[in-house]
Amino acid sequence: MMELDDLKNTWQQFSKTQLEQHRLDAEQIKQSLENRTFSAIGKIRRALSIDMALLAFFTLLALLYALFYNRQLLRLLLLAFGFIWAFTLFVNVGIHLLLNRVVNARADLRSSLLVLVSRLGIGLKTAYALSVIMPVVGVFFGYVWTSSHSLTWKIALLLLAIGLGMGIIFYPIMRWYTQKMLGNHYAELKQCLQELEEEEATG
Amino acid sequence: MTTPPAPDKDKEFIDLITTHQGIIHKVCSVYCSNESDREDLFQDILLQVWKSFPSFKGDSKVSTWLYRVALNTAISLYRQQSRKGGRQALSANELQLADKPHDTEFEERLKFLYSAIDELNKVEKAIVMLYLEDYDYKQISEIVGITETNVGVKLHRIKDKLRKMAKTQQA
């Protein structure tokens, strides 16, 4: 006949099995989130390489044009692309370091992913702001650098208006490009982070 | 009104739930008959634990405190549902045994145990569960909020019920 004390072992064995099953489910979910994160990271790395290749292509195109058809422009283009390359390399190296940090910190994926998502978010907003600011700065300093006329208030205002106009045109293009290159992968990482936090919260 | 834990307590709370989630799962399996109800109760218990967490001073063991909160939540919910007549008793057929390697004797004993638990009232369920978890009378009395003598009397009745059930099953 089954007594309550005899059933203790059955109960504890079943509880242990159930707990292991719950832990296994949590592990599987975590593993799947880890895979999604690394896949998004791989796509961001590929997007950065494409970005560098496109920049190299346009740099070469612009410099060849200046070299063969407009030598006066060469100095300005070298300066402008010098800045663009320095900035792009700085940003790309920074992103790669952040991505490496996530890949190397599997044990605490959530913390490193939190840093990556937060910095990428700031980076994307900065890129959108720069897409408006940079044409203004470019037009203004381009004029100062190349023109033989002195800068008057009237010309300064005109340059500002031209720069802003270019910025307004450039902004949606830049936004589309950034979204295509990084935006979707950033959204995926954000989603992974959110699910990881939910998963850790519910155990 | 209960104040939720401060943000710096979040991690502590998550760690607590991660470590002791088994307790909540066990309470849910005893009081709920199907997966959907178990999930609902799990969320209700989590919410109550979250609300009670700031007032937990560490006077008792974490597991004792967690059992108290989880069982109180399950008992009050069980009472509400019973009034509405919505909550059904736990059915042994609904037990998930698929993950366990096939062991007929184990399954039979488990089915018998859960069908016996089904026959008990809400307080008896809590007592028998804690007893199966190897808690002594003193600890059970602290968690359920009845005297040690009362725990002894109720356990005696539960054991009697169980013997009768076993006899009926054998017959």
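Letters A, B, ... are given to chains in the order of the sequence lines, protein chains preceding strands, and every chain is numbered from 1.
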Checklist line | B:Arg109 side, atom CZ; A:Gln13 side, atom CD - distance, nearest 0.5 Å | finding: 9.5 Å
Notebook entry, point to check: Should we count CH2 of A:Trp85 as having more than 12 external heavy atoms under 6.0 Å?
Noted result: yes
Item checked: Geometric class of the B:Tyr114/A:Trp11 ring pair [parallel <30°, tilted 30-60°, perpendicular >60°] -> tilted
Note to self: Report which part of B:Ile24 has an atom under 4.5 Å of a heavy atom belonging to chain A: side chain, backbone, both, or neither.
What the structure shows: neither
Checklist line | Greater than 12 external heavy atoms within 6.0 Å of A:Met181's CE | finding: yes
Next item on the list: State, to 0.1 Å, how close B:Leu132 and A:Gln12 come at their nearest heavy-atom pair, and which atoms those are.
Entry: O-NE2, 2.9 Å
Check: Nearest 0.5 Å, what's the CZ-CG distance between B:Phe112 and A:Leu7?
Finding: 6.5 Å
Notebook entry, point to check: When you look at CZ of A:Phe141, are more than 12 heavy atoms from neighbouring residues, nucleotides or ligands closer to it than 6.0 Å?
Noted result: no
Next item on the list: Might you confirm whether atom NZ of A:Lys190 has over 12 heavy atoms from other residues, nucleotides or ligands at distances under 6.0 Å?
Entry: no
